[in-house]
Amino acid sequence: MTMRIHNTLSGKKETLQTLEPGHVKLYVCGITSYDYCHIGHARSALAFDMIVNYLKYRGYKVTYVRNFTDIDDKIIARAAEQQTSAEELAARFIREFYVDMDKLGINRPDIEPKATEHISEMIALIEELISKGKAYPSGNDVYYIVDSFPDYGKLSKRNVEDMQAGARISINEQKRNPLDFVLWKGSKPGEPTWESPWGPGRPGWHIECSAMSRKYLGETFDIHGGGQDLIFPHHENEIAQSEGVHGKAFANLWIHHGFVTIRDEKMSKSLGNFLTIRDILTHYHPEVLRFFIFSTHYRNPLDFSESAMQDATAGLERLYECVAAVDRLDPQKSDANSASIFTDNDRQLLESMESRFQQAMDNDFNTAQAQGIFFDTVKTINRICRALPAVPSASDVEFLKKCANNLRKLADIMGILREDAESFLAAGKNKMISEGGLDVNAIEALIAERNQCRSAKNWARSDEIRDLLLAQNIELKDGPNGTTWSVKGN
RNA sequence: GGCGGCGUAGCCAAGAGGUCAAGGCAGCGGUCUGCAAAACCGUUAUUCAUCGGUUCGACUCCGAUCGCCGCCUCCA
């Protein structure tokens with residue numbers, strides 16, 4: 001069985017083939033650090049976190065590079081607004097980025113290069129481009145000659161003639177051709193500046209990724225990733241730069257994930273539908289966000305809404321409830337001699353979980369299908385647990401625990417079911433209690449009263465109490481070991 | 001205008017040229033329960049935007065139409 005991954009370059013799913021056997025070299029475009037990260041950034045980081053986890057699970061060694069763009073127009077503009085330096089602003093939002101990433105439980109990439117720490121590598125690359133006749137200095141800037149690269153447009157599937165006809169590109173007198181893009185920008189007074197053969201200035205955006213990927217992964221590497229909005233012009237320009245210099249393939253496989261939308265529109269500040277990661281995490285557990293994000297294939301748009309998040313909460317709780325029920329089984333209270341209650345079908349279904357999971361994930365990281373497999377598993381486990389006698393067979397208990405652990409192991413690839421099940425469920429309940437301003441003592445006093453009524457078969461009063469609590473979104477569950485309660489979502 | 005993508009049940013969302021179109025949420029019937037809740041069992045698309053074509057056979061391939069979204073300027 002091999003892994004198939006959709007390649008933006010070919011527009012098709014392709015079998016993963018690495019340059020070095022068993023080693024994936026991955027470069028992902030990270031953030032421009034000038035503001036807090038939004039859910040779209042979370043999706044990007046989570047998607048590649050999942051991809052890296054899965055590649056490792058499949059036995060690959062992964063070298064994962066993700067850059068920080070810490071010098072650019074937006075950073076300079078924002079720093080000026082806030083009366084601080086570009087350097088300070090960029091460093092601050094990189095720290096804030098890590099706060100969010102850590103909360104989401106995202107593993108750090110192996111290498112996280114910053115643009116400002118690779119100026120000399122970029123200058124070297126630009127000099128190579130000039131010497132090969134692929135770039136020219138003009139004024140204080142240096143531009144890439146798009147016409148010098150015949151494959152320009154191969155990633156975004158557009159051709160140079162169409163783009164020139166479409167000409168929404170602003171006229172820049174420094175450029176020979178409107179499509180030429182900047183490699184090096186002469187700096188204006190007061191802007192951050194580095195010395196270069198073309199005078200003081202700073203790098204253009206695209207050159208950093210060409211320079212840093214070359215340094216850390218080589219001239220050709222396996223996978224390059226990012227959001228769909230980076231396909232053009234960013235990744236197209238990276239290809240032009242790198243292949244223009246090296247004369248060979250840049251990245252073999254391109255992975256682009258879809259956007260997070262709100263009411264079916266792309267999030268953007270101008271539309272005012274911009275939600276930061278920390279906004280979301282004040283309302284939802286990080287694993288709920290992960291579960292939500294992986295409920296749709298990574299290339300499809302994902303529409304954020306309260307109700308979608310509540311569905312995700314319910315789904316994740318269902319998984320945790322199942323795991324918690326298995327955790328509660330006590331091997332000490334099982335019987336080594338009693339017969340198993342599993343049918344062959346049950347056993348077969350549970351034993352095939354991992355291979356079905358792999359089949360889903362091997363098919364372009366189909367996390368949505370993988371989640372479906374988790375639910376199938378949960379359904380079977382729940383059915384068995386329900387049918388278990390008071391003193392179950394020791395081998396059944398052992399098998400159920402093995403299945404639950406296996407479920408945890410696979411769920412961990414998408415970063416869910418990482419917490420102790422009882423604690424997760426209790427935390428959810430406590431959150432609801434505090435958000436609802438509920439008085440636990442009063443609730444439990446009512447439950448005690450109700451249980452007295454129930455013993456006395458005073459059903460009228462006990463139902464009255466239950467309805468009273470239900471009006472506060474509190475649901476009672478009368479079990480063999482007493483009454484438990486939970487808080488309903490709205 | 002150019003390019004790319006999407007349109008599957010009330011909602012979300014997989015799938016895929018061929019016996020039954022995953023799964024979740026919601027709904028309905030049942031088991032359990034004093035009644036409930038949870039859990040479980042059963043049930044909910046003869047049909048996959050529309051219209052044509054290819055094929056023994058298409059929801060899956062091709063073409064057209066309609067609708068939605070994205071990129072073409074910074075953007076995850």
Side-chain angles (χ1 to χ4, degrees), chain A residues 8 11 28-32 34-35 37-48 69 72-74 77 153 155-159 161-170 179 205 225-234 236 256-261 264-270 291-292 295-297 299-303 305 307-308 310-316 318-319 321-322 325 356 360 363 366-387 454 457-460 462-463 466-467 470 474-480 483-486 488:
Chain A
T8 308
V28 174
C29 289
I31 58 158
T32 298
Y34 73 106
D35 206 341
C37 288
H38 59 239
I39 329 174
H41 296 115
R43 187 180 196 187
S44 179
L46 287 170
F48 289 106
T69 299
D72 119 302
D73 290 348
K74 290 189 296 298
L155 182 70
S156 55
K157 318 272 191 287
R158 46 191 92 201
N159 64 63
E161 295 79 61
D162 286 344
M163 282 188 277
Q164 279 165 339
R168 227 170 92 190
I169 299 142
S170 60
L179 295 183
W205 176 32
Q228 277 171 356
D229 49 354
L230 298 182
I231 295 171
F232 189 90
H234 186 51
E236 197 69 70
H256 291 99
H257 65 263
F259 299 120
V260 177
T261 61
D264 291 325
E265 278 176 322
K266 184 179 167 182
M267 275 199 308
S268 78
K269 290 189 174 174
S270 55
F291 189 85
F292 164 68
S295 68
T296 297
H297 184 86
R299 284 195 298 113
N300 290 148
L302 176 64
D303 199 50
S305 67
S307 69
Q310 265 156 26
D311 278 2
T313 305
L316 186 60
R318 184 171 159 82
L319 299 185
E321 291 277 9
C322 170
R356 287 181 292 131
N363 182 17
N366 195 332
T367 54
Q369 192 174 33
Q371 287 187 353
I373 292 159
F374 293 161
F375 283 116
D376 275 344
T377 303
V378 161
K379 188 168 209 146
T380 305
I381 292 177
N382 282 343
R383 184 160 41 76
I384 301 291
C385 282
R386 183 176 181 271
R454 290 179 69 221
K457 298 199 190 299
N458 180 356
W459 308 129
S462 60
D463 289 352
R466 193 181 59 211
D467 293 343
L470 191 60
I474 294 155
E475 277 181 340
L476 301 186
K477 299 175 195 177
D478 299 324
T483 301
T484 60
W485 58 282
S486 59
K488 269 203 312 189

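Numbers restart at 1 for each chain; the letters A, B, ... are given by sequence-line order, proteins then strands.
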K.L.:
Quantified in whole Å, what is the C1' atom distance between nucleotide B:rA58 and nucleotide B:rG30?
P.N.:
38 Å
K.L.:
To the nearest Å, how far apart are A:Leu470 CG and B:rA37 C1'?
P.N.:
9 Å
K.L.:
Paired stems touching RNA chain B, three or more consecutive Watson-Crick or G-U pairs with both distances under 3.5 Å?
P.N.:
B:1-7 with B:66-72, B:10-12 with B:23-25, B:27-31 with B:39-43, B:49-53 with B:61-65
K.L.:
Compare every heavy atom of A:His257 with every heavy atom of A:Gly40, then report the nearest pair and how far apart it is.
P.N.:
O-NE2, 4.5 Å
K.L.:
Closest to the A:Lys157 side chain: B:rA37, B:rG4, B:rC35?
P.N.:
B:rG4
K.L.:
Distance-only, no hydrogens or angles: does the A:Arg43 side chain make a donor-acceptor pair with backbone N or O of A:Phe259 under 3.5 Å?
P.N.:
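Looks like yes, one N/O pair under 3.5 Å.
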K.L.:
Might you list the N or O atoms of the protein lying below 3.5 Å from N or O atoms in nucleotides 14-16 of chain B, with each pair's distance?
P.N.:
from: B:rA14; atom 1: OP1; to: A:His297; atom 2: N; distance (Å): 2.7
from: B:rA14; atom 1: OP1; to: A:Asn300; atom 2: OD1; distance (Å): 3.1
from: B:rA14; atom 1: O3'; to: A:Asn366; atom 2: ND2; distance (Å): 2.6
from: B:rG15; atom 1: OP1; to: A:Asn366; atom 2: ND2; distance (Å): 2.6

K.L.:
Show me the protein contacts with nucleotides 67-71 of chain B, counting only N or O atoms at under 3.5 Å.
P.N.:
from: B:rC71; atom 1: OP1; to: A:Lys266; atom 2: NZ; distance (Å): 2.5
from: B:rC71; atom 1: O2'; to: A:Arg158; atom 2: NH2; distance (Å): 3.3

K.L.:
Treating A:Ser44 as the side-chain partner and A:His41 as the backbone partner, does any N or O pair qualify as donor plus acceptor under 3.5 Å?
P.N.:
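No.
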K.L.:
Under the 3.5 angstrom rule, does the side chain of A:Thr380 hit a backbone N or O of A:Asp376 as a donor-acceptor pair?
P.N.:
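Yes; judged by distance alone, with no hydrogens or angles, the pair exists.
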K.L.:
Return the 5'-most residue of the pair A:Thr32, A:Glu321 with respect to RNA chain B, ranking by each residue's nearest nucleotide.
P.N.:
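Checking each residue's closest nucleotide, the 5'-ward one belongs to A:Glu321.
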K.L.:
If you measure from the C1' atom in B:rA76 to the same atom in B:rG42, how many Å do you get, rounded?
P.N.:
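Per the computed distance, 44 Å lies between those C1' atoms.
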K.L.:
Show the nearest heavy-atom pair for residues A:Ala360 and A:Ala370, with the distance to one decimal.
P.N.:
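Smallest interatomic distance, heavy atoms only, reads CB-N, 4.0 Å.
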K.L.:
Excluding sequence neighbours, so at least two apart, what forms salt bridge (charged side-chain N to carboxylate O under 4.0 Å, His left out) with A:Lys74?
P.N.:
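A:Lys74: salt bridge (charged side-chain N to carboxylate O under 4.0 Å, His left out) contacts with A:Asp72.
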K.L.:
Between B:rA14 and B:rA9, how far apart are the two P atoms, rounded to whole Å?
P.N.:
13 Å
K.L.:
For the residue pair A:Arg158 and A:Phe232, would you count it as a cation-pi contact if the rule is NZ or CZ under 6.0 angstrom from the ring centre and within 45 degrees of the ring axis?
P.N.:
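Yes - A:Arg158 lies over the ring of A:Phe232, closer than 6.0 Å to its centre and within 45° of its axis.
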K.L.:
Just how far, in rounded Å, is P of B:rG5 from CG of A:Leu155?
P.N.:
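Checked: the CG to P distance equals 13 Å.
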K.L.:
Ignoring hydrogens, what is the shortest heavy-atom contact between A:Ser295 and A:Ala368? Give both atom names and the distance.
P.N.:
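That closest heavy-atom pairing would be O-CB, 3.3 Å.
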K.L.:
In residues 377-385 of chain A, which ones come under 4.0 Å of RNA chain B, going by heavy atoms?
P.N.:
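RNA chain B contact set from residues 377-385 of chain A: A:Lys379, A:Asn382, A:Arg383.
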K.L.:
Rounded to the nearest Å, what distance is computed from the CD atom of residue A:Gln371 to the C1' atom of nucleotide B:rG24?
P.N.:
9 Å
K.L.:
Any base atoms under 4.0 Å from A:Gly227, or only sugar-phosphate, or nothing? Heavy atoms, all strands.
P.N.:
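Since only primed, P, OP1 and OP2 atoms lie under 4.0 Å of A:Gly227, the category is sugar-phosphate.
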K.L.:
Might you point out which heavy atoms bring A:Leu476 and A:Arg466 nearest each other, and give the distance in Å?
P.N.:
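Scanning both residues completely, I find the closest heavy atoms to be CD1-CG, 3.9 Å.
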K.L.:
Rounded to the Å, how far apart are A:His256 NE2 and B:rG4 C1'?
P.N.:
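Taking atom C1' of B:rG4 as the reference, NE2 of A:His256 is at 12 Å.
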K.L.:
What integer distance in Å separates A:Phe291:CZ from B:rC12:C1'?
P.N.:
11 Å
K.L.:
Over all strands shown, is A:Asp376 touching base, sugar-phosphate only, or nothing at heavy-atom distances under 4.0 angstrom?
P.N.:
sugar-phosphate
K.L.:
Would you mind reading off the distance between A:Asp463 atom CG and B:rG34 atom C1', rounded to a whole angstrom?
P.N.:
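After rounding, the gap between these two atoms is 8 Å.
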K.L.:
Please state the C1' separation for the pair B:rC6 and B:rC59 - nearest whole angstrom.
P.N.:
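15 Å, rounded to whole Å.
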K.L.:
Would you measure the distance from the C1' atom in B:rU65 across to the matching atom in B:rG27 and give it in whole Å?
P.N.:
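My reading of the C1' atoms in B:rU65 and B:rG27 gives 35 Å.
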K.L.:
Mind running side chain to side chain contact (heavy atoms under 4.5 Å, CB included) on A:Ile39 and A:Met267 for me, showing each step along the way?
P.N.:
CA-CA 9 Å; A:Ile39 329 174; A:Met267 275 199 308; 4.1 Å; yes
K.L.:
Please confirm whether the backbone N or O of A:Ala308 pairs with a side-chain atom of A:Ser305, one donor and one acceptor, at under 3.5 Å?
P.N.:
yes
K.L.:
When rounded to the nearest Å, what value does the distance between P atoms of B:rC51 and B:rU19 take?
P.N.:
23 Å
K.L.:
Tell me every residue that passes side-chain contact (heavy atoms from CB on, under 4.5 Å) with A:Thr8, counting only those two or more places apart in sequence or in another chain.
P.N.:
A:Leu155, A:Ile231, A:Trp254, A:His256
K.L.:
Please find the pair of heavy atoms, one from A:Ala312 and one from A:Phe291, that lie closest to each other, and give the distance.
P.N.:
O-CD2, 3.6 Å
K.L.:
Pick the P atom in B:rU46 and in B:rC41, then give their distance to the nearest Å.
P.N.:
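About 24 Å, rounded to a whole number of Å.
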K.L.:
Which part of the nucleic acid, if any, lies within reach of A:Lys477 when heavy atoms closer than 4.0 Å are counted: base, sugar-phosphate only, or nothing?
P.N.:
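Here A:Lys477 touches the bases of the nucleic acid.
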K.L.:
Nearest-Å distance, CG (A:Asn159) to P (B:rG4)?
P.N.:
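Distance, rounded to whole Å: 10 Å.
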K.L.:
What contact category does A:Arg454 fall into here, base, sugar-phosphate, or nothing, at under 4.0 angstrom with non-hydrogen atoms?
P.N.:
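Answer is base: heavy atoms of A:Arg454 come under 4.0 Å of a base.
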K.L.:
Check A:Phe292 against A:Asp303 and note the closest heavy-atom contact, atom names and distance.
P.N.:
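Smallest heavy-atom distance, with atoms named: CZ-O, 3.5 Å.
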K.L.:
Would you mind classifying the nucleic acid contact of A:Leu230 as base, sugar-phosphate or nothing, using non-hydrogen atoms under 4.0 angstrom?
P.N.:
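Here A:Leu230 touches the backbone only, sparing every base.
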K.L.:
Which distance, rounded to the nearest 0.5 Å, do you find between the SG of A:Cys322 and the CZ of A:Phe375?
P.N.:
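CZ of A:Phe375 is found 10.5 Å from SG of A:Cys322.
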K.L.:
Starting at atom CG of A:Asp478, determine the distance to atom P of B:rC35, rounded to an integer number of angstrom.
P.N.:
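For the pair A:Asp478 CG and B:rC35 P, the rounded distance is 11 Å.
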K.L.:
Under the 3.5 angstrom rule, does the side chain of A:Glu475 hit a backbone N or O of A:Ser486 as a donor-acceptor pair?
P.N.:
no
K.L.:
Please measure how far the P atom in B:rU47 lies from the corresponding atom in B:rA21, and state the result in whole Å.
P.N.:
12 Å
K.L.:
Assign A:His257 to base, sugar-phosphate, or nothing according to its heavy-atom contacts below 4.0 angstrom with the strands shown.
P.N.:
base
